[in-house]
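Worksheet: one structure, shown below.
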Amino acid sequence: MKTLDELLKAAIDAEGSDVFIIPFSPVSTKARGKMIRITEEKVNLQEIQTLIDRAYVLANRDRSHLEQDGDDDFSFAIRDLSRFRCNVYRQRGSLAAVLRVVAFGLPDPKERHIPDLVMKLAELQSGMVLVTGPAGTGKSTTLACLLDRINSTRSGHIITVEDPIEYLHSHKQCLVSQREIPEDASSFARAVRAALREAPDVIMLGEMRDIETISTAITAAETGHLLFSTLHTLGAAKTIDRVIDAFPAEQQNQIRTQLSMVLKAVVSQRLLPGTDGSLYPVFEVMTVNPAIQNLIREGKTHQIDNAISGAGSEMLSMDSELARLAREGKITKEIARASALHPETMERQM
């Protein structure tokens with residue numbers, strides 16, 4: 001069996017995004033949306049134990065979280081190769097791991113096809129911006145590009161709260177503090193509360209996981225800070241519903257009002273297989289104008305998709321972007337149709 005370092009290098013040579021180490025199967029990587037075997041032989045339990053031991057050595061981390069919770073999330077770097085985000089977990093009484101490749105350095109928004117409308121959000125001075133989408137669609141990459149744009153264009157203090165830290169930001173025009181859960185703070189909510197006493201200009205919260213974290217994030221945005229965070233939702237309307245539904249019924253009217261005031265934009269993204277074998281990102285961008293503020297406040301989120309479609313160049317509609325990619329031949333019409341939020345509307349645009 002190859003060493004972990006050799007397996008990870010093989011995955012990067014194959015342009016893989018994730019590496020899967022699962023008992024009694026070959027070690028595999030996902031590249032361009034397809035699973036590719038790195039090893040022909042299947043890994044046994046002892047070999048997996050050796051590979052995971054090496055990951056813990058590279059991360060200089062003890063196994064207490066794994067033993068206590070049944071899974072563990074951390075990151076490490078291999079010099080001259082890459083950074084990796086590693087999740088080790090128990091399954092069927094044995095250990096397994098999935099590792100995400102995180103390149104050294106920061107991504108280029110043009111190379112990642114991030115629209116100018118998204119990057120323009122780096123000019124905001126306060127409020128909340130949510131970047132949403134399924135796991136593995138590039139939310140962290142989009143956030144890293146936005147933070148780097150802020151870091152390069154204005155002075156201030158940026159604080160990130162992540163589990164684990166993925167992209168490393170150097171000090172440019174801004175000072176950057178990066179806190180990792182649970183090594184540097186016990187929880188997201190505690191770290192955000194503490195950040196309010198650390199003179200931040202920008203806060204990046206890796207994920208809004210629970211009601212306490214969401215409530216603290218809204219408070220941070222209300223007090224004049226610019227806050228970025230993520231949710232595993234798709235579409236602006238569903239994102240707003242998810243935030244509001246996290247609260248008890250008796251608080252939801254108040255949260256609608258607060259959210260209508262602090263929310264500045266929702267960016268939804270997904271990755272789709274292209275006709276050339278590559279993956280294409282598709283973005284929806286909702287910027288909050290007075291009309292959308294009223295829809296949020298009045299609980300009429302079902303009308304938001306129409307508001308986005310009718311906003312012209314101020315916003316991007318997911319269905320319009322799908323239709324555009326299909327017209328340009330970058331994705332198939334079948335993929336566009338299956339991915340559309342409103343297939344009939346998208347068909348007409350296509």
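- Listed for the Ser320 side chain is no donor-acceptor partner under 3.5 Å among the backbone atoms of Leu316.
- Residues that satisfy the side chain to side chain donor-acceptor pair (under 3.5 Å) test with Gln293, not counting sequence neighbours, are absent from this structure.
- Rounding to the nearest 0.5 angstrom, the gap separating the CD atom in Glu321 from the CZ atom in Phe283 is 9.5 Å.
- A donor-acceptor pair is defined here as one N or O able to donate and one able to accept, closer than 3.5 Å; no such pair exists between the side chain of Ser155 and the backbone of Cys174.
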Evaluate the side chain to side chain donor-acceptor pair (under 3.5 Å) criterion for residues Thr141 and Tyr167: first the C-alpha distance (whole Å), next the side-chain angles of each, then the deciding distance (0.1 Å), finally the verdict.
CA-CA 8 Å; Thr141 298; Tyr167 291 98; 3.0 Å; yes
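- Ion pairing between Arg209 and Asp163 holds under the 4.0 Å rule for side-chain N and carboxylate O.
- At a threshold of 4.5 Å between side-chain heavy atoms, the hydrophobic network of Ile, Leu, Val, Met, Phe, Trp and Tyr places Met208 and Phe247 in one connected group.
- A salt bridge links Asp148 to Lys172: one of the charged nitrogens lies within less than 4.0 Å of a carboxylate oxygen.
- Here the OG1 atom belonging to Thr137 is positioned 8.5 Å from the NE2 atom belonging to His232, to the nearest 0.5 angstrom.
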Using a 3.5 Å cut-off and no angle test, enumerate the donor-acceptor pairs between side-chain atoms of residues 304-313 and protein atoms at least two apart in sequence or in another chain.
residue : atom : partner : partner atom : Å
Asp305  : OD2  : His342  : NE2          : 2.8
Ser309  : OG   : Asp305  : O            : 3.1

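- Counting only N and O atoms by type, the side chains of Ser317 and Asp319 include no donor and acceptor under 3.5 Å apart.
- Note that the OG1 atom of Thr160 and the CD atom of Glu180 stand 9.5 Å from one another [nearest 0.5 Å].
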Steps toward salt bridge (charged side-chain N to carboxylate O under 4.0 Å, His left out) verdict (Asp18, Lys30):
CA-CA 5 Å; Asp18 297 274; Lys30 182 180 282 188; 5.8 Å; no
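- A salt bridge does not link Arg348 to Glu344: none of the charged nitrogens lies less than 4.0 Å from a carboxylate oxygen.
- Taking OG1 of Thr213 as the reference point, atom CD1 of Ile218 lies at 11.0 Å (rounded to 0.5 Å).
- Residues Ile244 and Ile214 are members of one and the same hydrophobic cluster, defined by side-chain heavy-atom contacts under 4.5 angstrom among Ile, Leu, Val, Met, Phe, Trp and Tyr.
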Please step through side chain to side chain contact (heavy atoms under 4.5 Å, CB included) for the pair Ser177 and Glu198, ending with a clear verdict.
CA-CA 10 Å; Ser177 300; Glu198 294 156 3; over 6 Å; no
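- No chain of hydrophobic side-chain contacts below 4.5 Å, direct or via other Ile, Leu, Val, Met, Phe, Trp or Tyr residues, connects Val161 to Leu143.
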Between Thr142 and Gln269, does the side chain to side chain donor-acceptor pair (under 3.5 Å) criterion hold? Intermediate values first, please.
CA-CA 9 Å; Thr142 298; Gln269 58 187 84; 2.8 Å; yes
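- For the side-chain hydrogen bond (donor to acceptor under 3.5 Å, both in side chains) criterion with Gln178, the lone passing option out of Glu162, Glu166, His169 is Glu162.
- Using modelled atom types, one side-chain atom of Arg270 and one backbone atom of Ser339 make a donor-acceptor pair closer than 3.5 Å.
- A distance of 7.5 Å separates CG of Asp72 from OG of Ser64, quoted to the nearest 0.5 Å.
- Under the 3.5 Å distance criterion, the side-chain polar atoms of Asp69 are left unmatched by any main-chain donor or acceptor of Asp71.
- With Ser17 contributing its side chain and Ala31 its backbone, the two residues share no donor-acceptor pair below 3.5 Å.
- With sequence neighbours excluded, the residues that form a side-chain contact (heavy atoms from CB on, under 4.5 Å) with Glu250 are Pro248.
- With respect to His225, the side-chain contact (heavy atoms from CB on, under 4.5 Å) criterion is satisfied by exactly one of Leu196, Val202, Val262: Leu196.
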Between Glu47 and Leu45, is the side chain to side chain contact (heavy atoms under 4.5 Å, CB included) condition met? List the steps.
CA-CA 5 Å; Glu47 289 167 336; Leu45 299 183; over 6 Å; no
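- Residues Val118 and Met286 do not share a hydrophobic cluster, defined by chaining ILVMFWY side chains whose heavy atoms lie under 4.5 Å apart.
- Each of Ile78, Val102, Val101 was compared with Arg83 under the side-chain contact (heavy atoms from CB on, under 4.5 Å) criterion, and only Val102 meets it.
- Residues Val243 and Val267 are members of separate hydrophobic clusters, defined by side-chain heavy-atom contacts under 4.5 angstrom among Ile, Leu, Val, Met, Phe, Trp and Tyr.
- The side-chain contact (heavy atoms from CB on, under 4.5 Å) check on Glu40 picks up Arg37, with sequence neighbours excluded.
- Under a 4.0 Å N-O distance rule, the pair Arg61/Glu183 qualifies as a salt bridge.
- Phe84 is linked by a ring-ring contact (aromatic ring centres under 6.0 Å, His included) to Phe76, counting only residues two or more places apart in sequence or in another chain.
- Partners of Tyr56 according to the ring-ring contact (aromatic ring centres under 6.0 Å, His included) rule, which considers only residues two or more places apart in sequence or in another chain, are Phe74.
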